[in-house]
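Each ligand, and each atom within it, is numbered from 1 in the order the structure gives.
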Amino acid sequence: MDFAYNDEQQEIIKVVRDLVEKEIIPYASEMDEKGKLHDGLLEKLAAQGLLGVAIPEEYGGAGLDAATIAAIYEELGKGCAGVATTVAANALASYPVIIAGNDDQKTRYFDIINQDKLAAFALTEPGTGSDAGSVSTRAQKTEDGKGYVLNGTKCFITNGALAEVFVVFANARKSGGVRGLTAFIVRKGAQGFTIGKEENKMGIRASNTTELVFQDCYVPMENRLGREGQGFRIAMNTLDAARPFVGAVSVGIAEAAFRACCEYAKVRVQFGKPIASFEMVQGMIADMAMQIEGARLLVQRACWMKDQGMEFSREAAIAKCNASDVAMNVTVNAVQVMGGYGYIKEYPVEKYMRDAKIMQIYEGTNQIQRLVIANKTLY
Ligand code: COS
């Protein structure tokens, strides 16, 4: 067992940490306020290869293992979870193609991302959240059998208005159900495909979240990923792969909030002493430290299992669920330690608290994670 990052991982972490310190932290509050990325930031993230971390090397990506990707996302999470979400959505949208794409699809799709473009994963709909199999966007095969026509609306899609390319899940069976779910690659600007309303969110405000609307949108057969009806399995495998990364961003948020409140506790004097010297505050600090260390290890274990080629969907759910609960708990307590100063926007911890909340919701609510964990444990 080895708990240390190797030299290459340490080098990558250092590069990302520098980028976070110079290009993200100084603008995090402004991005949160404005609800968008700082001008030029995307290009800087792309220049470091951060949009293609999951893309295999033979297709021009970094081909990093999951453990290294998680370490990168933790660093980004420390800086701004909205930025981390934007970048991580590219990995989320890369996995369906890694899992089910043929050589031609991989070449075409990854070429787009390698040109510093964003991608998006479109599963969720207004009526389809936890029950992922209930997708009502319809994919009707054309009479000549050469393609499909998509009709329906997706919602809460990260990078919706920014992405150049999308993986869209639609049902090829009129009767619906998980066995009809099918995955498609759709390009921005495809006829019949428009970007709907942009959401005004509580947290991760630097990231872009929109609806996607498909009205008689034609998708050629060569853009279907895998077989008709294979979409549910592709979506589940993708979410398994991506969930530890939500855990990693959560650890980053928790770590940033933890550091901020520790620094504050050491200089905030009440009753003639720094509040860090009070045992009730120390108890909170110790609990936060234990939770963060544990969460990081569980994230890294899930990634390690994936990298070893082991079955890891239970561990992915554990990593995501635990780390996001930790992030919520730690950020709430960081605000508590900082009192009134924690509650105002002059300090970053209230943002961490807002950002942490979505980690318990997206890529499968923590109720769904617990369901997966219980089912995989019991049966
Ligand atoms: N990997 C591979 N296959 C999986 C799988 C996984 N992780 N989870 C389920 N499957 C397979 C099952 O084996 C089953 O296949 P068979 O019918 O051949 O046996 C099929 O998929 C249906 O599985 P199940 O009956 O368990 O599906 P449910 O409809 O009950 O849904 C949950 C299962 C709830 C786990 C799933 O819908 C889910 O993950 N929901 C959350 C969705 C989500 O994360 N949304 C976030 C938005 S996208 S960012």
Which residues pass the side chain to side chain contact (heavy atoms under 4.5 Å, CB included) test with R227, sequence neighbours left out?
Q230
Selection residues 134-143 - residue pairs positive for side-chain hydrogen bond (donor to acceptor under 3.5 Å, both in side chains), sequence neighbours left out:
E125-S136, E125-T137, T128-S134, T142-D144
I'd like the residue list for ligand 1, meaning every protein residue with a non-hydrogen atom under 4.0 Å from the ligand.
F121, L123, T124, G129, S130, A132, R179, F232, R233, M236, N237, L239, D240, R243, E363, G364, I368, V372
Using salt bridge (charged side-chain N to carboxylate O under 4.0 Å, His left out) as the criterion, list what pairs up with R233, not counting sequence neighbours.
none
L181 CG to R179 CZ distance, which is reported to the nearest 0.5 Å
12.0 Å
Do the side chain of N223 and the main chain of F184 share a donor and acceptor less than 3.5 angstrom apart?
no
Would a 4.5 Å heavy-atom cut-off, applied to side chains only, mark Y73 and V251 as touching?
no
